Each structure stands twice: as structure tokens, then as C-alpha cells.
Amino acid sequence: MTARARVDPDLIFRALAALGCVILVFSLRWDSTLDHFDFQVWRAADTIIEEGGDPYDKDALNLELHENPDVYGDHWIAEGWETRRRMHLFNPPSWQLELRLLGSSALTMSLIGAALTYGSILALSRRLSTPAVLGYLGAATYVFIFGQSATSFRFGQTGFLVAGLVGLGLVLSESRSEGLAAAGLSFKPHLALAAVLPAVRHADSKRRIELLAPAAALIILTALVYPPNLWRSWIGALLDPDKPAGSDDMSLR
């Protein structure tokens with residue numbers, strides 16, 4: 001008879017500590033009463049796609065938001081909306097597919113990001129002493145509660161998901177699955193390139209295929225779900241000289 005695998009009580013304690021940190025962060029910082037405006041823009045974009053339109057047409061995107069207050073909220077109604085508070089869509093079409101996989105839920109996105117973030121901390125520090133691991137968990141929690149990141153995820157933005165995917169990339173570094181994190185980060189292409197480019201530069205042909213295959217699969221799947229011409233529209237949106245105020249420092253612009 002095979003002996004049962006021994007459960008490491010230290011590992012259980014660390015996992016429970018990480019879970020407690022997640023509960024603490026969301027208890028103190030998540031605000032379910034806020035309007036997650038980024039998600040409203042992304043939902044409007046998906047509606048436009050389903051109706052055969054182009055969400056990268058900023059006039060069409062803003063018209064959808066402002067003419068449907070029952071769906072997106074009265075806060076989108078403003079006099080002179082044609083020139084004020086104009087929304088632009090800069091995420092690639094694959095992000096709309098990722099959102100569907102996330103249930104188009106800001107809370108789900110942030111919880112998954114938190115799980116990946118704290119899970120990667122545990123994985124990367126697994127050979128350290130428990131007090132050291134608790135120190136890392138505590139430091140991360142302090143930043144998430146008191147740092148600028150707190151305003152990111154509580155507004156339904158992607159800060160936690162980005163952190164979690166970067167952590168996942170570090171955990172999977174040099175493994176055959178390393179490209180998964182970069183594919184997930186493709187909704188911010190500059191971060192995806194930063195995550196995968198160093199490994200691609202120093203890899204042989206077989207390794208490059210492993211690194212880039214997840215992103216290629218995501219692009220192909222997106223092209224099957226959404227009209228392929230959306231990719232051309234996305235490139236046009238990035239190159240369009242008309243950009244929202246305060247976006248001069250956007251990485252791809």
C-alpha cells in the first residue's frame with residue numbers, strides 16, 4: 001500500500017497567510033459601489049463589435065456610451081460630450097476575448113490577479129524561511145493597501161492582473177510554458193514585449209516557437225471570434241494623432 005503523501009504544515013501556513021492578505025486587501029480597498037468605467041468602455045466596445053461596428057472608431061465608441069445611460073450609467077451624460085470626456089480604445093482585440101474569459105467582471109479580474117500575485121510570491125520564495133516569506137507577503141500587502149496600486153484595482157483597472165501575470169512569468173521562467181504570461185499581458189503590448197523579448201533574443205528556433213506559440217494561439221483564436229479587420233483598426237488607433245489629453249506619455253504613442 002502506498003503511503004500517503006505528507007502535507008507540509010509550513011506550506012499550509014504560508015498559503016493561509018497569503019489568503020489572509022488577499023482578504024485584507026479587498027476588505028479594505030475594494031469598493032463595489034464605484035463605477036468601473038474602464039469595464040464600461042470595454043463592454044461598449046464589445047456591444048459595437050456584436051453589432052458589426054468598429055470600437056476603435058472613437059465617435060462610435062463615445063456615442064454608444066452616451067446614448068445608453070441605462071446600460072453604462074448617467075455619469076456618461078454630459079453637455080458637449082463630443083469634445084469632453086472622450087474615451088479611446090487602445091487595447092488590442094485579443095483583450096476583448098480575455099475579458100470574456102474573465103467573465104467581463106472587474107472583481108473577477110482583480111481576484112485572479114491577486115491570486116497570481118500572491119501565488120507567485122509563495123512560489124518564488126519557497127526555499128526561504130517562513131519569516132522571510134511573511135515579510136514579502138506583508139510588504140506586498142502594504143503596497144496594495146497604501147500605494148498608488150490601491151487606486152488602480154479598486155477602480156476596476158488592470159493593476160492586479162498585470163502584477164500577477166508578471167509574477168507568473170517569473171515563476172515559469174525558462175520553462176516550456178514561459179510564453180503564457182506574455183500572451184496574457186498582450187492587452188498591454190509594451191509589457192508583453194518586455195516580458196518575452198529578452199528570452200526570445202537568446203533562444204534557438206525551437207525555444208522561440210515555445211515562447212511565442214501562446215500569443216500566436218491567442219491571436220488566432222481572437223480572429224476566429226472577432227472580425228480580423230479589428231487588428232487593422234487597432235493599429236490605426238495607435239497611430240492616430242488625435243489622442244486624449246494627458247496621454248502624451250503612453251508607451252506606444
Side-chain angles (χ1 to χ4, degrees), residues 18 21-22 24-26 28-31 34 36-43 45 87-125 136-137 139-173 175 177-200 211-212 214-215 217-219 222 234 237-238 244 246-247 249-253:
C21 289
V22 173
L24 179 64
V25 169
F26 279 83
L28 294 179
R29 281 300 186 180
W30 183 260
D31 189 344
L34 292 176
H36 299 130
F37 54 89
D38 282 345
F39 265 81
Q40 292 169 347
V41 172
W42 295 326
R43 193 185 342 162
M87 296 293 108
H88 296 237
L89 183 64
F90 295 125
N91 302 103
S94 56
W95 177 231
Q96 297 298 135
L97 179 61
E98 287 188 68
L99 286 172
R100 286 194 178 187
L101 297 176
L102 293 169
S104 295
S105 164
L107 179 58
T108 299
M109 178 190 70
S110 293
L111 285 172
I112 290 175
L116 290 175
T117 300
Y118 281 96
S120 64
I121 292 174
L122 293 179
L124 293 168
S125 61
Y136 282 123
L137 294 175
T141 302
Y142 179 89
V143 172
F144 293 138
I145 292 175
F146 298 106
Q148 288 184 334
S149 55
T151 62
S152 174
F153 84 90
R154 70 189 289 261
F155 283 117
Q157 295 177 337
T158 58
F160 244 141
L161 184 61
V162 169
L165 289 170
V166 170
L168 179 65
L170 293 174
V171 172
L172 298 178
S173 178
S175 73
S177 305
E178 184 177 354
L180 288 173
L185 281 169
S186 63
F187 64 93
K188 289 185 179 290
H190 50 298
L191 298 183
L193 287 174
V196 76
L197 191 58
V200 169
L211 290 168
L212 298 176
L218 181 61
I219 291 172
T222 302
W234 171 58
L238 293 179
S247 65
D249 63 343
M250 292 178 64
S251 300
L252 288 182
R253 297 182 60 83

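All of these numbers come straight from a predicted model, not from anything done at the bench.
In this structure, the salt bridge (charged side-chain N to carboxylate O under 4.0 Å, His left out) partners of R100, at least two apart in sequence or on a different chain, are D46, E50. For A199, the side-chain contact (heavy atoms from CB on, under 4.5 Å) test picks out E178, L211, with sequence neighbours left out. Taking E98 as the reference, nothing meets the salt bridge (charged side-chain N to carboxylate O under 4.0 Å, His left out) condition, with sequence neighbours excluded. Evaluation of the side chain to side chain donor-acceptor pair (under 3.5 Å) rule for Q96 yields no partner, not counting sequence neighbours. Judged as a ring pair (Phe, Tyr, Trp, His ring centres under 6.0 Å), and not counting sequence neighbours, Y136 has no contacts. By the ring pair (Phe, Tyr, Trp, His ring centres under 6.0 Å) test, Y142 pairs with F146, sequence neighbours left out.
Evaluation of the ring-ring contact (aromatic ring centres under 6.0 Å, His included) test over residues 91-110, restricted to residues two or more places apart or in two chains, returns W42-W95, W95-F187.
Expressed to the nearest 0.5 Å, how far CG of L34 lies from CZ of R154 amounts to 5.0 Å. Residue I219 holds its CD1 atom at 11.5 Å from CG of L97, rounded to the nearest 0.5 Å.
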Distance-only criterion, 3.5 Å: show the donor-acceptor pairs between side-chain atoms of residues 107-124 and protein atoms not counting sequence neighbours.
unit_1 : atom_1 : unit_2 : atom_2 : d
T108   : OG1    : S105   : OG     : 3.1
S110   : OG     : A106   : O      : 3.2
T117   : OG1    : G113   : O      : 2.7
T117   : OG1    : G164   : N      : 3.1
Y118   : OH     : T141   : OG1    : 2.8
S120   : OG     : L116   : O      : 3.1
S120   : OG     : T117   : O      : 2.7

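The distance between the ring centers of W30 and H36 falls below 6.0 angstrom. The distance between the ring centers of F153 and F144 does not fall below 6.0 angstrom.
Of the possible polar contacts, none joining the S173 side chain to the L170 backbone as a donor-acceptor pair under 3.5 Å is found.
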